[in-house]
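In the text below, chain A, chain B and the rest are named by the order of the sequence lines, each starting its count at 1. Just so you know, these numbers come straight off a predicted model, no measurement behind them.
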Number of protein chains: 2
Amino acid sequence: MDDDISAPAAQPGETAVPALRRRATLKTVAHAAGVSPALASFALNGKPGVSPEKREEILRAARELGYQPDTLARELRTGKTAVHGLIVRNIANPYFNDVLAGMQEAAFEHDITVLAMDSEYSEDRERRHIRHLAARRVNSLAIAPVGSAHVVQEWLTLRPGARTVLINSSTHLGPGIPRVSPDGGRAVTMAFEHLRALGHQRIGFLTAPEALRSDEDRLTRFVELCREARAEPVVISAELQGAAITTAIVSALRSRPAPTAIITNSDFAAHYVYMAAHELELRIGDDLSIVGHDDLPTSQLLNPSLTTIAVDRRRLGREAFRRLFGAADGDYHGGVSLVARDSTRPPRPQP
Amino acid sequence: MDDDISAPAAQPGETAVPALRRRATLKTVAHAAGVSPALASFALNGKPGVSPEKREEILRAARELGYQPDTLARELRTGKTAVHGLIVRNIANPYFNDVLAGMQEAAFEHDITVLAMDSEYSEDRERRHIRHLAARRVNSLAIAPVGSAHVVQEWLTLRPGARTVLINSSTHLGPGIPRVSPDGGRAVTMAFEHLRALGHQRIGFLTAPEALRSDEDRLTRFVELCREARAEPVVISAELQGAAITTAIVSALRSRPAPTAIITNSDFAAHYVYMAAHELELRIGDDLSIVGHDDLPTSQLLNPSLTTIAVDRRRLGREAFRRLFGAADGDYHGGVSLVARDSTRPPRPQP
DNA sequence: AGCCTGCTCTAAATCGATTTAGAAAGAGTA
DNA sequence: TACTCTTTCTAAATCGATTTAGAGCAGGCT
């Protein structure tokens with residue numbers, strides 16, 4: 001099996017190719033500059049103890065040979081990786097997309113690679129991703145864990161001392177593990193008060209089933225708000241994927257008395273509520289009010305436009321990065337604001 | 001040099017900490033099984049030439065110690081990486097999101113990690129990503145290149161022999177570099193014929209400016225179709241990001257005679273046309289017809305719902321993977337189909 | 001002279017795996 | 001007995017970097 005990529009090894013039938021030299025290594029550079037690899041390493045890493053002439057010479061050689069250090073070898077030796085992991089629950093959700101983009105943006109400035117992975121709401125996949133990262137000696141991980149973050153515990157065992165950040169999770173794992181998320185309590189409160197001000201009495205809250213739930217805090221706050229307002233909390237639990245979610249919403253909307261408004265934890269999930277409403281021929285706004293969360297770009301284009309809680313998602317990504325990088329610590333709770341649009345209106349007078 | 005690894009070696013000043021053992025290495029395993037590291041390697045990799053007893057012994061030791069091979073070391077030694085790179089033009093576009101998801105899904109089955117990166121329509125970032133990947137010895141890359149894929153040439157030089165796949169690019173780089181994309185010619189034709197059947201005469205086509213354009217083939221086909229239909233092609237070029245795109249669309253819609261319909265290359269871009277139309281107080285459907293491309297989940301929820309070309313994006317991701325993995329070769333042109341909705345209607349009779 | 005200090009520089013070890021070359025032991029054959 | 005094969009195993013080299021320990025030398029000081 002010939003897979004030595006760097007070897008010139010002109011294939012018999014091949015046309016004359018410009019001799020593709022082997023990739024330059026530190027040894028090559030050192031040799032070209034007439035010094036030892038050790039000195040070359042010092043010079044290239046800006047370490048002291050190298051005479052100006054030699055330093056000059058070495059840098060020149062490196063430039064001429066197009067030397068690029070081998071990341072693998074460096075990481076193996078130093079034990080430090082220039083890679084940050086990011087595991088999200090659903091990469092198809094534009095929310096996480098923007099978080100990734102923000103993180104990538106910040107990482108780029110520091111020449112760090114972000115390894116993005118999708119657990120698709122499965123702890124199993126989460127576990128495999130974590131093992132993968134550990135085997136790669138990644139020692140910084142931002143994760144939006146499924147449920148109550150069991151798998152993160154495994155990660156902490158696998159790579160003790162690794163920097164870890166929880167994204168959009170209500171699980172608290174200790175002071176060393178900061179959490180980055182929008183201010184969930186505020187978000188629920190704003191949504192709730194907005195709906196109450198419009199006159200809604202019976203309000204639903206859409207969330208994941210308990211095992212997969214990662215927004216316990218919001219749910220708690222919601223129930224609390226309902227109690228204060230002497231309203232009955234309608235909790236709709238559904239796997240936030242595929243057909244399950246539509247079915248659950250449809251059945252909640254069919255129950256009597258039906259909620260006149262629903263609060264969701266993402267615009268993405270709100271889309272499903274739209275679909276369910278279409279299915280039942282309910283008019284959104286008039287028959288059923290909906291509040292989303294995230295303010296995705298498409299939300300204002302929906303029919304009707306979606307009332308939602310705006311969040312700076314890229315900022316979340318950047319903040320996650322800063323904590324992994326060691327440029328910040330402690331929790332970060334991003335500010336939120338309500339964007340009132342046409343999906344929320346006063347409820348129709350009940351007969 | 002103390003290399004008796006199994007010894008807990010309680011440091012003198014250390015408090016009684018639950019002995020955090022070093023991660024098991026091959027050497028540890030070999031030592032525990034009473035064999036050389038070489039034999040342990042053979043056994044663990046299922047190579048022949050190991051007696052059944054020793055093999056059993058080694059596997060048991062590995063299991064008990066929770067041995068996980070170090071990916072970095074393995075990759076350094078063998079020169080083969082279990083990583084596939086993916087560079088997209090805009091990871092915020094749900095389109096690429098799904099491509100990534102599809103690729104990740106397929107990769108997962110083969111225990112391969114996908115390194116996803118976002119070039120944000122910048123060749124500069126593209127170049128940096130490519131160098132990063134090369135430094136990591138990644139030898140499989142799927143890329144949705146910016147413009148005419150100049151940077152991919154550098155990649156091919158940096159890692160000659162690497163498997164490379166172009167995603168959604170009209171550039172042809174040779175037989176060894178397969179392309180994976182929806183059938184662009186068919187897509188444009190379907191959109192065009194749909195609009196013509198409705199009675200549209202003056203049709204616009206939204207595309208990136210020449211330097212960033214990666215859908216030359218579709219544009220060509222569009223111009224061809226116009227010529228055949230004796231209609232004037234209205235080409236709207238704009239950077240497909242931020243404010244630039246809205247401005248360009250607004251000015252195109254203000255020109256006289258204005259196009260009565262616009263074909264876009266993505267639903268994502270169609271969103272911007274919606275915004276521009278709102279700005280000009282044009283009613284989509286009645287005053288301006290729009291055909292998107294991709295059929296994102298939100299497209300049917302827009303106001304009005306978006307007529308678009310449906311594409312199986314996850315499939316594209318899987319096909320890209322298969323080519324990187326060596327399970328398939330040659331170009332793949334995904335099937336497309338028109339989904340007629342409310343954003344396309346007959347043009348209003350011109351006064 | 002003798003000794004210490006500081007500056008450059010190099011040899012060699014190291015990270016953790018794979019792989020090559022060959023050693024050791026036993027079986028079969030002439 | 002001597003020789004050739006097999007089979008099973010190990011020592012050592014290797015991938016490409018970083019890092020430690022220390023060599024060599026010039027200059028300053030007693």
Side-chain angles (χ1 to χ4, degrees), chain A residues 1-7 21-58 61-62 65-82 134-139 159, chain B residues 1-3 5 21-58 61-62 65-82 134-139:
Chain A
M1 175 139 327
D2 178 0
D3 58 16
D4 186 356
I5 295 162
S6 43
R21 265 167 304 140
R22 250 190 138 69
R23 209 178 137 74
T25 72
L26 186 63
K27 208 165 138 194
T28 328
V29 173
H31 190 254
V35 300
S36 72
L39 198 66
S41 173
F42 292 147
L44 290 167
N45 290 309
K47 295 254 172 85
V50 183
S51 67
E53 306 85 56
K54 294 277 181 181
R55 185 181 295 272
E56 176 60 31
E57 186 78 4
I58 291 165
L65 290 168
Y67 170 70
Q68 291 283 123
D70 185 296
T71 314
L72 254 36
R74 169 180 292 167
E75 291 180 350
L76 175 60
R77 177 60 234 242
T78 62
K80 289 180 208 157
T81 48
R136 265 182 195 292
R137 303 190 170 203
V138 170
N139 43 25
R159 301 217 41 82
Chain B
M1 183 77 34
D2 175 3
D3 93 344
I5 295 162
R21 263 170 305 140
R22 261 190 125 67
R23 209 178 135 75
T25 71
L26 188 63
K27 207 165 139 195
T28 328
V29 173
H31 189 254
V35 300
S36 70
L39 197 67
S41 173
F42 292 145
L44 290 166
N45 291 309
K47 296 253 173 84
V50 184
S51 66
E53 305 85 54
K54 295 277 182 182
R55 185 182 296 272
E56 177 60 30
E57 187 79 5
I58 291 166
L65 291 167
Y67 171 70
Q68 291 283 124
D70 185 297
T71 314
L72 254 36
R74 168 181 292 165
E75 289 180 352
L76 174 60
R77 175 60 231 245
T78 63
K80 288 181 206 157
T81 50
R136 265 182 195 292
R137 304 189 168 202
V138 169
N139 43 27

For A:Ala43 versus A:Ile58, what's the shortest heavy-atom pair and its separation?
CB-CD1, 3.7 Å

Report yes if the side chains of B:Leu65 and B:His31 come closer than 4.5 Å at any heavy-atom pair, otherwise no.
no

Please list each protein N or O that sits under 3.5 Å from an N or O in nucleotides 24-27 of chain C, with the distance.
none

Answer yes or no: is there a side-chain heavy-atom contact under 4.5 Å between A:Asp70 and B:Arg137?
yes

Categorize A:Arg137 for me: base, sugar-phosphate, or nothing, with a 4.0 angstrom heavy-atom threshold over every strand shown.
sugar-phosphate

Protein-nucleotide distance (B:Leu65, atom CG; C:dA17, atom P), rounded to Å
12 Å

So, is A:Thr25 near the phosphate of D:dC15, with a side-chain N or O under 4.0 Å from OP1 or OP2?
no

C:dT10 P sits how many Å from A:Lys27 NZ, rounded?
15 Å

Please report the closest heavy-atom contact between B:Ala61 and B:Ala33, naming both atoms and the distance.
CB-CB, 4.1 Å

Whether B:Ser51 contacts D:dC9 is assessed here as follows: a side-chain N or O lying under 4.0 Å from the phosphate OP1 or OP2. Is that the case?
yes

Can you check whether A:Ser36 has a side-chain N or O nearer than 4.0 Å to OP1 or OP2 of C:dT10?
yes

CA sep, side-chain torsions, deciding dist, call: A:Val35, A:Glu57, side-chain contact (heavy atoms from CB on, under 4.5 Å):
CA-CA 9 Å; A:Val35 300; A:Glu57 186 78 4; over 6 Å; no

How does protein contact run along nucleotides 18-28 of chain D, one letter per nucleotide 5' to 3', with B for base contact, S for sugar-phosphate only, - for none, heavy atoms under 4.0 Å?
BBB--------

Heavy atoms of B:Leu26 and B:Tyr67 approach each other most closely as N-CE1, 3.4 Å

Whole-Å distance, A:Leu76 CG to C:dA17 P, equals 9 Å

What are the two closest heavy atoms between B:Asn139 and B:Gly79, and how far apart are they?
ND2-O, 3.7 Å

When rounded to the nearest 0.5 angstrom, what is the spacing between CG in A:Leu39 and CG in A:Leu44?
9.5 Å

For B:Arg55 and D:dC9, give me the distance from atom CZ to atom C1', rounded to whole Å.
13 Å

B:Val35 side chain, from C-beta outward: closest of D:dC15, D:dA17, D:dT10
D:dT10

So B:Glu75 and B:Arg136, side-chain contact (heavy atoms from CB on, under 4.5 Å) or not? Walk me through it.
CA-CA 9 Å; B:Glu75 289 180 352; B:Arg136 265 182 195 292; over 6 Å; no

A:Glu53 CD - C:dC7 P separation (whole Å)
15 Å

